[in-house]
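Here the structure comes first, spelled out in structure tokens, and everything after it is commentary.
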There are 2 protein chains.
Amino acid sequence: MDAIDRSLLRLLHTDARATYHDLGKAVRLSANTVSERVRRLRTSGVVRGYRAELDPAALGRQLVMVTDVRLSEGIDRHAFESGLDAIPQVVAGSRLTGEYDFQLRVVCIDATEFEGVVDTLKRNHGVRECRSRLVLHDLALDESRLLDL
Amino acid sequence: MDAIDRSLLRLLHTDARATYHDLGKAVRLSANTVSERVRRLRTSGVVRGYRAELDPAALGRQLVMVTDVRLSEGIDRHAFESGLDAIPQVVAGSRLTGEYDFQLRVVCIDATEFEGVVDTLKRNHGVRECRSRLVLHDLALDESRLLDL
DNA sequence: AATGAAAGCACACTGGT
DNA sequence: ACCAGTGTGCTTTCATT
């Protein structure tokens, strides 16, 4: 992992469909060499994959909530996690330390749909308590900033 | 936006570097037609971009914290947001309703580094109070799940 | 690790259904 | 909206340093 690799990671984070040829022009290396470096970055696990970033708003979903969740006694954490597959509005989540067990990000069309999600969580997934707040907006930051350190 | 477009979005979310030819094989369309559909999805804003997903742990950063933050009176929200550019450990964040003003995701090497981030936030960025918890792990969910609705 | 050459493919146009 | 053909340019392999 040298400075060139970090440049390549930044470039691929900006546009994962950039050609090796163009990446090579940017770092002054042949397409060939870039291809090998990127393959190494992939197999070493630094690059986990290449993802198309979707815009939920363009899919008609403009209500984003952050919901902290506490499970009832006797609910298996692992079962709860796999059960979330059944609720597509839950697009991300983490298990956290502290007062609550999990934090979920829930993307909905409107408050009615969100109400349905909360009811489902409580009725079918062993959620005892939840605490939700509206996402006003997301900040323009991302993980590629770690390359600056 | 029909079922084929949703398939293409799912495929591109799994591998944003897939060729139009391969995408076409999956949805039984010519590479040509796939290219046109994908271009429409891009210009309509459903696809915001293509990103390489990095693994912070592979970059030597294994401590991930979620930190809620409340700003002091008289601190401009917008100034706070742009000021975060100076702290690369902050890899994501949202402005939220509720008790706290923002929630940040902070990726560090160890507790000492995180302590530095918290001190910086309080000393230089107008943070009055913060409440942090450790991310035990992230759930295997993503925004492409919205396509199932 | 990096390079250049050459074969094999993918991509972007055009034109046509 | 979709497809086929074509020219251009990208990717990959191999020999070489």
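Convention: sequence-line order gives letters A, B, ...; per-chain numbering from 1.
No donor-acceptor contact under 3.5 Å links the side chain of A/N32 to the base of D/dT11.
A salt bridge links B/E99 to A/R131: at least one charged side-chain nitrogen sits closer than 4.0 Å to a carboxylate oxygen. By the 4.0 Å N-to-carboxylate-O rule, A/D2 lies close enough to A/R37 to be salt-bridged with it.
Between the CD1 atom of A/I4 and the C1' atom of C/dT3 there is a distance of 14 Å, rounded to whole Å. As rounded to whole Å, 14 Å separates atom C1' of C/dG8 from atom CG of B/D22. Summarising the geometry, the separation between CZ on B/R28 and P on D/dC3 is reported as 12 Å, rounded to the nearest angstrom. One atom, NE2 of A/H21, and another, C1' of D/dT11, lie 11 Å apart when rounded to the nearest Å. We find that CD of A/E36 is positioned 10 Å from C1' of C/dT3, with the value rounded to whole Å. Between the CG atom of B/L23 and the C1' atom of D/dC3 there is a distance of 17 Å, given to the nearest Å. Between the NZ atom of B/K25 and the P atom of C/dC9 there is a distance of 11 Å, rounded to whole Å. With rounding to whole Å, B/L8 atom CG is found 14 Å from D/dA1 atom C1'.
A close approach under 4.0 Å does not occur between any side-chain nitrogen or oxygen of A/T33 and OP1 or OP2 of C/dA1. Distances shorter than 4.0 Å separate some side-chain N or O of A/R37 from OP1 or OP2 on C/dA2.
Residues A/R17 and A/L29 each lie close to DNA chain C; by heavy-atom proximity, the contact nearer the 5' end of the strand is made by A/L29.
Counting any heavy atom pair closer than 4.0 Å across all strands shown, B/R39 reaches no nucleic acid atom.
Side-chain proximity of B/Y20 to D/dC10, C/dC11, C/dA1: nearest is C/dC11. The B/S35 side chain lies nearest to C/dA12 when the options are C/dA1, C/dA12, C/dA10.
Ring pair A/F102/A/F80 is tilted by interplanar angle, where 30° to 60° counts as tilted.
With B/Y20 as the aromatic partner, A/R17 meets the cation-pi criteria of under 6.0 angstrom to the ring centre and within 45 degrees of the ring axis.
Within the model, atoms NE2 of B/H13 and CG of B/D142 stand 4.0 Å from one another, a figure rounded to the nearest 0.5 Å.
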